[in-house]
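Given the structure is predicted, the values throughout are model-derived calculations rather than measurements. Note on naming: letters A, B, ... go to the chains in the order of the sequence lines (proteins, then strands), and numbering restarts at 1 for each one.
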2 protein chains.
Amino acid sequence: MSVQIDALDRKILAALQEDASRSLDEIARLVGSSKTPVWTRIRKLREAGVIGRQTVLLDAEALGLEACFFVLIRTSEHEAGWQKKFLAALRARPEVLEAHRLAGEIDYILKVRVRNARAYDAFYQALISEVRIYNVTALLSMEEIKATTLLPLEQVPSGS
Amino acid sequence: MSVQIDALDRKILAALQEDASRSLDEIARLVGSSKTPVWTRIRKLREAGVIGRQTVLLDAEALGLEACFFVLIRTSEHEAGWQKKFLAALRARPEVLEAHRLAGEIDYILKVRVRNARAYDAFYQALISEVRIYNVTALLSMEEIKATTLLPLEQVPSGS
DNA sequence: CTTGAAAGCGATAACAC
DNA sequence: GTGTTATCGCTTTCAAG
């Protein structure tokens, strides 16, 4: 089960995910509280794992990682050994930014960031040489309309 | 292309995206330099937009946002007016974490985070009542195998 | 590039409400 | 539990060697 999150926690989380460089004082002011209680709550949320990694979002395009693919994968193999190997391969490859196991006829979806189409092909060839895959469809992104890490906290149920 | 990124910049970016709460001193030590040059470079990278938002990653499951859908969208409409309205609708909805316009027969892909299947349906109904959509396939994630915001900086070209 | 220094902040404790 | 105040040492930021 989750953790008890009340309205104040939610405000703190919202302030933090919007800008994690804010000082304790600023967050306290924003949420209408003061330093100590805010600090205690942040510590608890961190310990509970609700607050995870603190990071900086980089501009992939500016860094020359100009191609983004969504990869739909079907497999005929469903034994534990194959799956374990497949997951390990995905986790080991840094160009795989997301990987999900799906319900339905498509088994997996990946999001892959690379320099260009050639780099994607190199990734693809390497992957299929490591594990057997039945069917792959690559969807090339033409335009990133939206990309956010901000969770919709308004929709989070309040802990009793 | 945008900015000159050298090996030192890349190390700094790697250190920062891995843990943005690190102090300047620590980063300087990690990358084998000292405070001021590191600080100057970070400032420039920020101004150039290479370094963007500083944030904290929250655990969606722990917050009760337990369902994640990838939504494949086909449309028959391609005029500017329709597209503008569609993009505005996506940007306005906080449960849409990602949206891409694609090449190929599928026109758009969305990543949507909600509490449960019912909340997804509410989102879906609201969306199709706002803009006309030809065909929608929702892929439900059963397991998040990997989800990272860390870009593969090893693969970033130097200079240029 | 390095030193250094002023201002600010994080992390906690003591105490009152 | 929350708010106030005060503390110490570290950090950011920037000027000048």
Side-chain angles (χ1 to χ4, degrees), chain A residues 1-59 62-63 149-151 153-154 156-160, chain B residues 2-59 62-64 149-151 153 156 158-160:
Chain A
M1 250 310 268
S2 332
V3 200
Q4 308 266 13
I5 305 287
D6 67 10
L8 184 55
D9 288 322
R10 225 177 304 142
K11 282 191 202 167
I12 293 171
L13 292 172
L16 268 180
Q17 72 172 348
E18 200 190 291
D19 180 0
S21 74
R22 288 205 246 248
S23 74
L24 267 187
D25 267 330
E26 197 181 349
I27 294 168
R29 195 173 43 72
L30 283 170
V31 305
S33 182
S34 63
K35 276 173 77 166
T36 315
V38 169
W39 186 79
T40 318
R41 280 159 182 266
I42 290 177
R43 224 167 52 76
K44 276 181 190 157
L45 290 165
R46 235 195 285 266
E47 273 161 20
V50 176
I51 296 178
R53 183 196 290 277
Q54 182 165 339
T55 191
V56 118
L57 302 181
L58 305 181
D59 183 335
L63 288 165
T149 61
L150 305 185
L151 297 179
L153 294 176
E154 322 85 51
V156 165
S158 315
S160 49
Chain B
S2 315
V3 204
Q4 308 266 13
I5 304 286
D6 67 9
L8 184 54
D9 288 322
R10 224 177 303 140
K11 282 191 202 167
I12 293 171
L13 292 173
L16 266 181
Q17 72 172 348
E18 200 190 293
D19 180 1
S21 74
R22 288 204 247 247
S23 73
L24 264 187
D25 266 329
E26 196 180 350
I27 294 168
R29 194 173 43 73
L30 284 171
V31 305
S33 180
S34 61
K35 280 169 67 168
T36 315
V38 170
W39 186 76
T40 318
R41 281 160 182 264
I42 290 177
R43 173 161 277 301
K44 277 183 191 154
L45 289 165
R46 237 195 284 266
E47 273 160 18
V50 176
I51 296 179
R53 184 195 290 277
Q54 182 165 342
T55 191
V56 118
L57 302 180
L58 304 182
D59 182 335
L63 288 166
T149 62
L150 305 185
L151 297 179
L153 295 176
V156 165
S158 317
S160 129

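B/D59 is linked by a side chain to side chain donor-acceptor pair (under 3.5 Å) to nothing, counting only residues two or more places apart in sequence or in another chain. Taking the side chain to side chain contact (heavy atoms under 4.5 Å, CB included) definition, one finds that A/A15 meets it with A/R22, A/I27, A/L30, sequence neighbours left out. With sequence neighbours excluded, no residue satisfies side chain to side chain donor-acceptor pair (under 3.5 Å) with B/R46. Partners of A/E26 according to the side chain to side chain donor-acceptor pair (under 3.5 Å) rule, which considers only residues two or more places apart in sequence or in another chain, do not exist here. Scanning for side chain to side chain donor-acceptor pair (under 3.5 Å) contacts around A/S23 gives an empty result, with sequence neighbours left out.
For residues 29-40 of chain A, no residue pair satisfies the side chain to side chain donor-acceptor pair (under 3.5 Å) rule, not counting sequence neighbours.
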Show the atom names and distances, to 0.1 Å, of all donor-acceptor pairs under 3.5 Å that link a side chain in residues 47-55 of chain B to residues at least two apart or in another chain.
from: B/E47; atom 1: OE2; to: B/R43; atom 2: NH1; distance (Å): 3.4
from: B/R53; atom 1: NH1; to: A/E18; atom 2: O; distance (Å): 2.7
from: B/T55; atom 1: OG1; to: A/Q17; atom 2: O; distance (Å): 2.6

Report summary line: Given protein heavy atoms under 4.0 Å, the one-letter contact record of nucleotides 3-16 of chain D, with B base, S sugar-phosphate only and - none, is simply SBB-----SBBB--
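Put simply, chain A comes within 4.0 Å of DNA chain C, heavy atom to any atom, from C/dC9 to C/dA13, going 5' to 3'.
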